[in-house]
*Asks:* 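For reference, the structure I am asking about is given below.
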Amino acid sequence: MTPLTQRRLANFRANRRGYYSLWMFLVLFGISLCAELLANDKPLLVRYDGHFYFPVVTEYEESDFGGDLPIPADYRDPEMKKKIEGQGFILWPPIPFADQTINYNIPSPAPSPPDSTDWLGTDDQGRDVLARLIYGFRISVLFGLTLTIVSSIIGVAAGAIQGYYGGIIDISFQRFMEIWSGLPVLYLLIILSSIIEPNFWWLLVIMLLFSWMSLVDLVRAEFLRARNFDYVRAARALGVGNPTIIWRHVLPNAMVATLTFLPFILNGSITTLTSLDFLGFGLPPGSPSLGELLAQGKANLQAPWLGLTAFFVLAVMLSLLIFIGEAVRDAFDPRKVN
Amino acid sequence: MALLAVKDLTIAFSNGQSRVDAVKGISFEIEKGETVALVGESGSGKSVTALSILQLLPYPMASHGKGSSIQFDGTELIGARDSVLRDIRGNRIAMVFQEPMTSLNPLHTIEKQITETLNLHKGLRGAAARARTIELLHLVGLSEAESRLGAYPHQLSGGQRQRVMIAMALANEPDILVADEPTTALDVTIQAQILKLLKDLQARFGMALLLITHDLTIVRKMADRVLVMTDGHIVERGTTATIFGAPQHPYTKKLLAAEPKGEPQQKKEQADVLIAAKDMRVWFPIKSGLLGRTTGYVKAVDGIDLSLRAGETLGIVGESGSGKTTLGLALLRLIDSKGEITFDGRRLDTMQGKAMRPLRREMQVVFQDPFSSLSPRLSIAQIVEEGLKVHHLGGNAIERRREIERVLTEVGLDPTSADRYPHEFSGGQRQRVALARALVLKPRFLLLDEPTSALDMSVQAQMVELLRDLQRRYGLAYLFISHDLRVVKALAHDVMVMKNGKVVEHGPSAAIFAAPQTDYAKALMAAAFNIETVAS
């Protein structure tokens, strides 16, 4: 590790709030990545008739456990349970529900309040809120991260080219962006969702068409400023080529502004997906998502656990990301002396 | 009793944890009508002292220690109420700042800015204020004062702005004028005019003048008494004659010895011409109208011939805006130009981008501002290494590292500091880094664009020494651009005087400095060496 990287890491750690936020976020994200092991309607491990079975990984049929039909085994079926436990045992995940599992044994009509089975209650279709939360968190973060990374790469590249070369390239690109940004994104999504059924990738592409522009002006301004700096001139006098100058000399200085902006873009992406889901134009119906949970909370004010859960999860996640972003910015600041 | 008595003044700046003592207990007095010069290098605490007199420091970040006292005409200023201070600021003690570009408000006309102080302290309004403003502008020698009243600061030149600043300061006929490096940002001829003006005005109004400067030539010319300041202490004080005649303190001696001296070393024999240009022209088009038609040209460089031999230095002098820098950049093909440029027998002006690249190794540049010429996000080693990488020199990473450390040692830097960032270095050290970046490629031609102007006097002298030494060792050809004639005199074999993009005078350095032929060159020399204005 070069001394520079070490210093950046030290600066990152020095921002304790951001440092701990990163760990908290990584733990939460890591947990949600293992959602299948944490919340599932299939057991982690089954011991039956002297053999071990791993239903989470492999699909077994009822006939494998002494049933009559060659259909996928339903481990939540009381008959099935009794059969297996007669000749072995079942090891369930901590939350024995997947995002789509409907709990038919709720004590009161759905949405039912939190109890010992459904720790955060169930939603209006009797599905466990905690399970849906874990899956929804994962989709939100993955969507946000992908959208942020791809749109930042496109945005920084576009801004860099416009700012560095200037002139006719700059002007025509700017006019194009003015027209492009005038297109109504929401209507486009509504029209599109009536033609195709939007899924994760469709939404990503459509959002990407418009979200790349948020960074362009920032990076372009930095490049316009920096291209006349003496050290850029000195690099040209050294014989350094344009791509290298952009990459090594100008971009790192534009990166602080970009990095400071990045957590906001990530937050924006997550919020956008949430609000589309809330309006019903987002992921296909039934997908676990924070926006859908919020919408349910709004429709069922008598069941406050729905709205409150979604609110707190969103608030914590967005705050953590902002704190991390602050620490990243500190890490790349060479004037920061500790 | 003295007009202004500063006693045991300490100033400290603190931000949370760290605390910097900028001024560590200084005492001095200023009598009515005298000129006191406060001399020191950057970081010595002289500007902070000046600001503390008017209590203009950023309190409470800045603080004065116990026992600090600034008494003006019997009134204690430290801890005085705002109303007392307001009555004194701009009225009885006025201040002229260094940077005429930023010390005037760009959104107000100069009439508005001058009448504001008249209005505040004298209650003058309307026609009376206007008449007084015109009178003041005449006093500071601003031509066509009446028609300039409605002008905004950007419509005035640097010298004119500084005159307006002085007019504002004089508006209420203050008892003390504090001038903080009033001419540092100005050309030498303008500097001479402004200093002459200050002296005239001082004699006329009987003001005391506290002159803060690092330029000893100015001190010798202007001051009655001198205070030498370093590291927050006044180390020596006395009349100008004694300080310059018989300095006692080692720092004063060092400061006096620091003026760039010496001669360029003698050339042995006539080497071959390394770089030459014929009828160089750089014209920037002026576009106007809806269709952006070219209606005229700014002739930044207008038909210049030059030639430079290996191991020699050509000094290019002239005021700001004379096209010196443009000429240098055009020679390196960093901006477009017309006219023939040859380097070592090869035509440069017809070469296209890629073909130039191998030649870039042999022609390097060091810029004026050491703060903007180093990328703040690369370490010193990375900055120096870049050229080696581009030209595939220096072998593998370990050999390159050794080469970087060698060149850093050569320019007088500690090679163990190679992994530090530019902001951890002082201006002089950064300029050495910029020089190392150029030298690591072993160039044959070096363009030095005001490499010493942003540096303190003693650092300047070291830099000149270093440049001369490198030239002797490697037979480098320098194109040395500067407005500081003393540095040019110490380095250049030939001198070219430029004005408005044209060459006014060109010849061997000794001849030009001894007997300038043209009026413009004469005025420039008089202003630079004696701070005298020549009626043109």
Side-chain angles (χ1 to χ4, degrees), chain A residues 1-11 14 160 164-168 171 219 222-260 328-338, chain B residues 17-18 325 328-329 331-335 353-392 418-424 430 433-434 437-438 440-441 443 445-447 449-450:
Chain A
M1 212 177 346
T2 65
L4 307 184
T5 330
Q6 280 170 8
R7 182 193 325 221
R8 282 175 183 166
L9 278 175
N11 271 346
Y164 187 76
Y165 291 102
I168 193 86
I171 283 187
V219 176
E222 289 285 331
F223 268 72
L224 278 178
R225 198 167 65 88
R227 69 171 176 163
N228 289 324
F229 280 176
D230 279 346
Y231 60 81
V232 173
R233 257 196 198 136
R236 282 173 60 207
L238 283 174
V240 184
N242 281 333
T244 319
I245 293 182
I246 291 180
W247 184 253
R248 251 176 84 91
H249 292 270
V250 193
L251 193 61
N253 296 295
M255 273 327 263
V256 169
T258 310
L259 282 170
T260 334
V328 171
R329 183 199 56 203
D330 284 355
F332 279 88
D333 189 350
R335 280 156 296 193
K336 187 108 185 160
V337 184
N338 284 304
Chain B
Q17 314 90 19
S18 63
T325 300
L329 294 179
L331 265 183
L332 289 186
R333 297 281 322 271
L334 288 174
I335 52 177
K354 278 246 162 64
M356 268 300 289
R357 206 161 289 167
L359 276 176
R360 292 257 176 243
R361 215 200 104 186
E362 301 183 17
M363 37 208 303
Q364 279 303 309
V365 57
V366 175
F367 291 103
Q368 170 175 7
D369 184 357
F371 292 87
S372 74
S373 66
L374 303 178
S375 180
R377 280 166 204 284
L378 295 180
S379 72
I380 301 306
Q382 285 175 319
I383 288 171
V384 179
E385 188 180 28
E386 174 143 51
L388 290 177
K389 275 187 167 166
V390 169
H391 296 285
H392 307 290
D419 287 313
R420 287 160 61 188
Y421 282 104
H423 73 96
E424 296 171 51
R430 286 181 204 216
V433 173
R437 167 173 61 190
V440 77
L441 293 177
F445 168 65
L446 205 51
L447 168 65
D449 188 0
E450 309 245 13

*Asks:* Where on B:Met356 is there a heavy atom nearer than 4.5 Å to chain A: the side chain, the backbone, both, or neither?
*Replies:*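 Neither part, no heavy atoms under 4.5 Å.
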*Asks:* Where on B:Leu441 is there a heavy atom nearer than 4.5 Å to chain A: the side chain, the backbone, both, or neither?
*Replies:*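 Contact with chain A is through the side chain of B:Leu441 alone.
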*Asks:* Is there a side-chain contact between B:Lys389 and A:Val240 (heavy atoms, below 4.5 Å)?
*Replies:*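 Answer no - side chains too far apart.
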*Asks:* Taking all non-hydrogen atoms of both residues, which atom of B:Val365 and which atom of A:Ala237 are closest, and how far apart?
*Replies:*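 Result for this residue pair: CG1-CB, 3.4 Å.
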*Asks:* Starting at NE2 of A:His249, measure out to CD of B:Glu386 and round the result to the nearest 0.5 Å.
*Replies:* 3.0 Å
*Asks:* Hey, which of B:Arg361, B:Arg357, B:Arg437 is the one that makes side chain to side chain contact (heavy atoms under 4.5 Å, CB included) with A:Leu238?
*Replies:* B:Arg437
*Asks:* Shorter than 4.5 Å, heavy atoms on both sides: which option in B:Val390, B:Asp369, B:Val366 has the most such pairs with chain A?
*Replies:*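 Heavy-atom pairs under 4.5 Å are most numerous for B:Val390.
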*Asks:* Minimum heavy-atom separation for B:Ser372 to A:Asp230, with atom names?
*Replies:*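 Minimum heavy-atom contact is OG-OD2, 3.3 Å.
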*Asks:* Check each atom of B:Leu329 against the heavy atoms of chain A and say whether the ones under 4.5 Å are side chain, backbone, both or neither.
*Replies:* side chain
*Asks:* Would you say the side-chain atoms of A:Arg233 pair up with the backbone N or O of B:Leu334, donor to acceptor, closer than 3.5 Å?
*Replies:* no
